[in-house]
Protein chains: 2
Amino acid sequence: MQFSKSTDYALHALIHLGHAERCSNVGIKELSGSLGVSESYLSKIMSKLRQDGIVRAVPGVNGGYELARAADRITFLDVIQVMEGRQKLFECSNTNSRQHRLLAEEGTARRERDKERTGKNECLVEKVMEGAEQHLHQYLRERTIQSVLDEAFKRCSHEANKK
Amino acid sequence: MQFSKSTDYALHALIHLGHAERCSNVGIKELSGSLGVSESYLSKIMSKLRQDGIVRAVPGVNGGYELARAADRITFLDVIQVMEGRQKLFECSNTNSRQHRLLAEEGTARRERDKERTGKNECLVEKVMEGAEQHLHQYLRERTIQSVLDEAFKRCSHEANKK
DNA sequence: ATAACGTGGACCTACGGTGTCCATAATAAA
DNA sequence: TTTATTATGGACACCGTAGGTCCACGTTAT
Ligand code: SF4
Ligand code: SF4
């Protein structure tokens, strides 16, 4: 239950791009140097980010990457879902166990009615887990690349103030 | 970024134990049959739960497992942390990159002062991630084995009512 | 004593995260 | 046009770990 290093790298790369938005684009060399990750691997990550429309890439001389939209419209959730995939936090595996029939199918007829009425017939365990997932997602949706940048800037100016 | 199957099994096993609290203990055979998981593997999981004080085990004839404390004092978070380990959601890897120095160490002197004053000198990315983790944990702390049992019972009685 | 039952270690397998290398395509500059 | 630069995508290697099996051992009731 941990985020992968790729997610780590992706976030840092995007922060770098956001920080250097003045100049149109940033090459893989600069990113690699800044993050301390090999160019080969980092390019894989950037490619993924591009395929999902988080960044734009221009090939050729003086090419590089730039954010595909404003930094305050790129949420942590976006990045995490691109890198980690969109699999659910909890995926029930044994729906044909005796246990399952006890918990989620007492009175099959009733379940069917429920399904028709409410449209969803989740089991109780899944309900808890999906709730957890929703909470997590909501939180991550509220944090953007820009918000990190802002806070870093605040720290910085605060520092300058003191001098 | 998914919970492992072991966590799934552990939750179901505990629900089974909670459901059958009347009789003192439940053997691995019954659990295995109920969940549809091999006895060998399930016993590993139960063993882990025992080492962390979630269940008690009695060896010998007519032995088995029972909850070590009331079902409403066993939270989802407890179970998940036992099975998944207590690793943080996000573990920074490249603290010696140029990027890091930019984000988390502008004015090292100031950082040091911060450290002394507040006791924590997290970087901004970690701060976001730890916030997410706290939210998730809080949610999972509020759900217990008992709460699932209760809801299942409610469904059941509701069903009986209708007849 | 013996049969039932949990424990823990050794071991296996498959898959995915991490990472490298290279051939190719696209583009700007010369 | 040629060349140097840069991103792209596929192939591949490595390795840790989730998932699972097996077995020898200790414990307990009958
Ligand atoms: S009770 Fe829920 S979690 Fe358990 S097997 Fe059925 S659907 Fe899956
Ligand atoms: S800025 Fe934060 S997340 Fe990034 S390397 Fe430094 S400590 Fe780690």
Side-chain angles (χ1 to χ4, degrees), chain A residues 1-10 12-13 17 23-33 35-68 80 82-87 89-94, chain B residues 1-10 12-13 17 23-33 35-68 80 82-85 87 90-94:
Chain A
M1 239 326 252
Q2 238 196 176
F3 289 129
S4 62
K5 290 197 175 190
S6 302
T7 303
D8 181 334
Y9 298 154
H12 280 84
L17 289 188
C23 46
S24 56
N25 53 26
V26 178
I28 193 73
K29 277 211 171 66
E30 183 177 334
L31 281 177
S32 166
L35 302 196
V37 181
S38 81
E39 299 179 25
S40 340
Y41 193 43
L42 196 54
S43 68
K44 286 284 167 51
I45 293 171
M46 296 312 292
S47 200
K48 221 171 191 176
L49 288 174
R50 186 190 60 90
Q51 288 171 343
D52 274 64
I54 308 285
V55 303
R56 267 193 299 267
V58 317
V61 182
N62 285 356
Y65 301 93
E66 57 184 343
L67 298 184
I80 290 171
V82 168
M83 300 310 299
E84 307 276 332
R86 270 141 185 103
Q87 13 169 357
L89 203 52
F90 177 82
E91 196 96 22
C92 171
S93 39
N94 44 344
Chain B
M1 241 322 258
Q2 240 195 175
F3 289 131
S4 62
K5 290 198 175 190
S6 303
T7 303
D8 180 335
Y9 299 152
H12 280 83
L17 288 189
C23 45
S24 57
N25 53 26
V26 178
I28 193 73
K29 279 212 171 64
E30 183 177 335
L31 280 177
S32 165
L35 302 196
V37 181
S38 82
E39 297 179 26
S40 341
Y41 193 41
L42 196 53
S43 69
K44 284 286 166 55
I45 293 170
M46 297 312 292
S47 200
K48 220 171 192 175
L49 288 175
R50 186 190 61 91
Q51 288 171 343
D52 274 64
I54 308 285
V55 303
R56 267 192 299 267
V58 318
V61 184
N62 286 355
Y65 301 93
E66 58 184 343
L67 298 184
I80 289 171
V82 169
M83 300 310 300
E84 307 276 334
Q87 17 170 350
F90 178 82
E91 195 95 21
C92 173
S93 39
N94 44 343

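Spacing between atom NZ of Lys48(A) and atom P of dT8(D) amounts to 14 Å, rounded to whole angstrom units. Taking atom CG on Leu42(A) and atom P on dT6(D), their separation rounds to 15 Å, with Å as the unit. When the P atom of dT18(C) is taken as reference, atom CD of Glu91(B) falls 13 Å away, rounded to whole Å. For Glu39(B) and dT7(C), the CD to P distance is 13 Å, given to the nearest whole Å. The distance between atom NZ of Lys5(A) and atom P of dG17(C), rounded to the nearest whole Å, is 14 Å. To the nearest angstrom, P of dA7(D) lies 12 Å from CD of Glu66(A). Atom CG in Asp52(B) sits about 13 Å away from atom P in dT7(C), given to the nearest Å. In this entry the distance linking CE of Met1(B) with P of dG16(C) reads 17 Å, nearest Å.
Note that the OG atom of Ser4(B) and the CD atom of Glu91(A) stand 13.5 Å from one another [nearest 0.5 Å].
Looking at heavy atoms from C-beta onward, Tyr41(B) lies out of side-chain contact with Ser32(B) at the 4.5 angstrom threshold. With a 4.5 Å cut-off on side-chain heavy atoms, Phe3(B) and Asp8(B) do not count as touching. The closest side-chain heavy-atom distance from Met1(B) to Leu89(A) is below 4.5 Å. Considering only heavy atoms from C-beta on, Glu39(A) stays 4.5 Å or farther from Leu42(A) through its side chain.
Taking 4.0 angstrom as the limit, Ser6(A) places a side-chain polar atom (N or O) nearer than this to OP1 or OP2 of dT18(C). At the phosphate of dT8(D), OP1 or OP2 sits under 4.0 Å from a side-chain N or O atom of Arg50(A). Close to dG19(C), at under 4.0 Å from its OP1 or OP2, lies no side-chain N or O of Ser38(A). OP1 and OP2 of dG9(D) both lie 4.0 Å or more from every side-chain N or O belonging to Ser43(A). Distances shown here put every side-chain N or O of Tyr41(B) at or beyond 4.0 Å from the OP1 or OP2 atom of dG8(C). The shortest distance between the side-chain N/O atoms of Ser47(A) and the OP1/OP2 oxygens of dG9(D) is below 4.0 Å. Between Tyr9(B) and dG20(D), a side-chain N or O to OP1/OP2 separation shorter than 4.0 Å is present. Distances shown here put every side-chain N or O of Gln51(A) at or beyond 4.0 Å from the OP1 or OP2 atom of dT8(D).
Residue-level contact check: Gln2(B) touches neither bases nor backbone, having no heavy atom under 4.0 Å from any strand. Contacts of Gly60(A) with the nucleic acid, taken as non-hydrogen atoms under 4.0 Å apart, include base atoms.
Of the residues near DNA chain C, Asn62(B) and Pro59(A), the one whose nearest nucleotide (by heavy atom distance) lies more toward the 5' end is Asn62(B). Nucleotides of DNA chain C nearest to Val61(A) and Val37(A) differ in position, and the one nearer the 5' end is that of Val37(A).
At a cut-off of 3.5 angstrom, counting only N and O atoms as typed in the model, there is a donor on one side and an acceptor on the other between the side-chain of Lys44(B) and the base of dT21(D).
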